[in-house]
Protein chains: 2
Amino acid sequence: MDKLTVRQQEVLGYLQLYQRRCGTWPSFREIESHFGFRSTNAVMGHLRALERKGYISRVPGQARTFRINLDLGDEERPREAMEVMDIPIYGNIAAGYPDGVESSGEIGRLQIDAGSAGVRRTRHCYALKVRGESMIDVGIFDGDIVVVDQRPPRDGDIVVALIDGESTLKRFMNRPGSAAYLKAENRNYPELHPVSELSIQGVATSVVRHL
Amino acid sequence: MDKLTVRQQEVLGYLQLYQRRCGTWPSFREIESHFGFRSTNAVMGHLRALERKGYISRVPGQARTFRINLDLGDEERPREAMEVMDIPIYGNIAAGYPDGVESSGEIGRLQIDAGSAGVRRTRHCYALKVRGESMIDVGIFDGDIVVVDQRPPRDGDIVVALIDGESTLKRFMNRPGSAAYLKAENRNYPELHPVSELSIQGVATSVVRHL
DNA sequence: CTTGACGGTGAACGGACGATCAGCTATACA
DNA sequence: TGTATAGCTGATCGTCCGTTCACCGTCAAG
C-alpha cells in the first residue's frame with residue numbers, strides 16, 4: 001500500500017477522530033476550517049489522494065460519507081510485557097479467609113497490573129465488592145470494587161475488617177499513645193469500632209468503579 | 001422513557017442497520033424510499049417523534065447526522081469475552097488527538113479487562129489521570145485514573161471534555177427539549193459549559209484509584 | 001529544463017437535502 | 001362530539017455541500 005504524507009495522515013486522522021467523537025463524518029467545509037484552508041478544493045485534493053492510495057472510499061456526491069479501509073494506527077503498537085494479575089472478586093468475606101481453593105462467594109474476576117495496584121503477591125490478594133456507604137467521604141461507594149492485599153495494616157490505611165460477621169471497609173487508626181481503632185469515613189454515620197483479634201482481613205490498595 | 005410505536009421502532013431499527021452496514025447515516029430521501037413513503041415529511045414526523053421520546057438526537061440542518069441515545073436492543077448485551085487491554089495513561093490531552101503516533105504525554109500504562117471496564121474497542125480507548133476536583137461529588141478525585149472510551153456520549157454520561165485547551169471531566173447533560181451542556185459535579189463550584197464542536201473527547205467508563 | 005506529485009487559492013455551479021406549510025385519513029379518548 | 005396523536009401526501013423554499021475549472025507555488029526526479 002502506498003505510503004501517506006504527513007499532511008495526508010493528519011487529514012485521515014481527523015476523519016477518524018471526527019467519526020469517533022461525533023458519530024458521523026465531517027463535511028468538506030468542516031475539514032477546511034479545521035485545517036485553516038481557504039478553499040474546499042484543498043480538502044478535495046487530500047481526499048482524492050487518500051482514495052487513490054486506498055485508505056478511504058467515497059460515494060461521489062454523497063454528503064458526509066466516507067469509509068476507512070486502512071486505519072492509521074494499524075501498524076505500531078509495541079506490546080510490552082507486564083505482570084497482570086487475575087484475581088477473584090467476592091461479594092462478601094464473612095467466612096474467614098477466601099483462599100482461592102475454597103472460593104465459593106466469587107462473583108467475578110478482575111484483571112489489573114500488580115505494579116500500579118500496589119499489590120505484592122498474587123496469592124494473598126483478592127478483590128471485594130463494596131457494600132454500604134461507610135467510606136463515602138473518601139470516594140468509595142456502594143458497588144465499587146476494592147483490591148485487597150493481605151498484609152498488616154499501618155496507621156491511616158483503609159482496611160477490610162470483619163465486624164459482626166460482615167466484611168466492611170474502615171480506616172485503621174493507630175496513633176501513638178492511644179489504642180488502635182477502626183473508623184468509618186461517613187460524616188452521617190461516624191462509627192468507631194475497636195480492633196479485635198483477627199478482625200482485619202487486609203489492606204485496600206486500589207479502587208475500581210465501572211460507571 | 002416513552003415507549004415507541006411499531007412504526008417508530010422500524011425507523012429506529014433502519015437507522016441502526018444503515019449505520020452498521022454503510023458506516024454513515026441515511027438521508028431523509030433514502031429513508032423515504034426504503035419505507036415506500038411519497039413525502040420526506042413522513043420521515044420528518046417519525047424522526048421528530050424519536051427525538052421527542054429521547055431515542056435519538058439530531059443537529060438541525062446537518063445532513064446525514066444522527067445520534068442514537070437509546071439503542072433498540074440495549075437489554076441483551078451479550079457479555080463480551082474477557083480480554084485484558086493494555087492502554088496508555090495520559091496526564092493531559094490538551095493538544096487534540098491522543099493518537100499513539102504523537103503520544104508524548106503518556107505517563108504510564110494500565111491493564112484492565114475490557115468487558116467489565118465497559119470498553120468496546122482497544123484502539124479507541126485510553127486512560128486519563130484526573131486533575132482538579134470538578135467531579136468530587138461523584139467520587140472522582142484528583143489523581144484518580146479514568147478509563148475513556150471514544151464514543152458518542154449519552155445523557156448523564158461522564159465525559160472528558162476539552163475546555164479552554166484543558167481536558168476536564170464533566171457530566172454530559174442532554175435532556176430532551178433543551179440544548180446539551182456540560183456540568184461539573186462539585187457543589188462548591190457548580191459550573192456549566194456549552195458543548196462545542198469536537199469538545200468531547202470520550203466517555204468515562206471506569207475509575208481506578210491507587211490508595 | 002521539463003515533468004509530475006504535493007499543497008494550496010478563489011470562484012462558480014448545481015444537485016442533494018433538511019425544513020416547512022397546507023391538508024388528508026384513521027384511531028383512540030373523554 | 002370534539003380533539004388529540006399517529007401517519008402520510010404533495011409541493012416549495014433555501015442552503016448545505018460536493019464538484020469543477022483556472023491558476024499558483026515548491027520540490028525532487030529524470
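Just so it is clear, the structure is predicted and the values come from calculations on it, not from any experiment. Within every chain, numbering begins at 1; the chains are lettered A, B, ... in the order of the sequence lines, protein sequences first and strands thereafter.
Judged as a side-chain hydrogen bond (donor to acceptor under 3.5 Å, both in side chains), the pairs with a partner in residues 28-38 of chain B (not counting sequence neighbours) are, in order, B:Y18-B:E30, B:E30-B:R64. Every pair passing salt bridge (Lys or Arg N to Asp or Glu O under 4.0 Å) that includes a residue from residues 135-148 of chain A is listed here, sequence neighbours excluded: A:D137-A:R187, A:D144-A:R209.
Atom CD in A:E51 sits about 13 Å away from atom C1' in D:dG18, given to the nearest Å. Whole-Å rounding puts the A:N41 CG to D:dC17 C1' distance at 14 Å.
Between B:F28 and B:F66, the ring planes lie parallel to each other; the angle is under 30°, not in the 30° to 60° tilted range.
Side-chain contact check for A:V146 versus A:V207: some heavy-atom pair is nearer than 4.5 Å. Between B:F172 and B:L182 the shortest side-chain heavy-atom distance falls below 4.5 Å.
Interface limits on DNA chain C: the 5'-most and 3'-most nucleotides within less than 4.0 Å of chain A heavy atoms are C:dC6 to C:dC17.
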Can you check side-chain contact (heavy atoms from CB on, under 4.5 Å) on B:V138 and B:R171, steps first, answer last?
-> CA-CA 10 Å; B:V138 290; B:R171 190 181 291 281; 3.4 Å; yes
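Distances shown here put every side-chain N or O of A:R48 at or beyond 4.0 Å from the OP1 or OP2 atom of D:dG18. Taking only side-chain nitrogens and oxygens, B:R7 never comes nearer than 4.0 Å to OP1 or OP2 of D:dG7.
Ring centroid separation for the pair B:F37 and B:H46 comes in under the 6.0 Å cut-off.
Both A:G36 and B:M44 sit near DNA chain C, but only A:G36 has its closest nucleotide nearer the 5' end.
Contacts between residues 25-35 of chain B and DNA chain C, counted as heavy-atom distances below 4.0 Å, involve B:S27, B:F28, B:R29. Near-neighbour residues of DNA chain C inside residues 58-67 of chain B, defined by a heavy atom below 4.0 Å, number-ordered: B:R58, B:P60, B:G61, B:A63, B:R64.
Judged by distance alone, the side chain of B:K53 and the main-chain N or O of B:K3 form a donor-acceptor pair under 3.5 Å.
Summarising the geometry, atom CD1 belonging to B:I56 is positioned 10.0 Å from atom CD belonging to B:Q8; distances are rounded to the nearest 0.5 Å.
Residues B:E10 and B:R7 are paired through a salt bridge, judged by an N-O separation under 4.0 Å between the basic side chain and the carboxylate.
For A:T65, the side chain to side chain donor-acceptor pair (under 3.5 Å) partners two or more places apart in sequence, or in a different chain, are A:Q62.
At a threshold of 4.0 angstrom between heavy atoms, the contacts of B:T5 are confined to the sugar-phosphate backbone, with no base atom among them.
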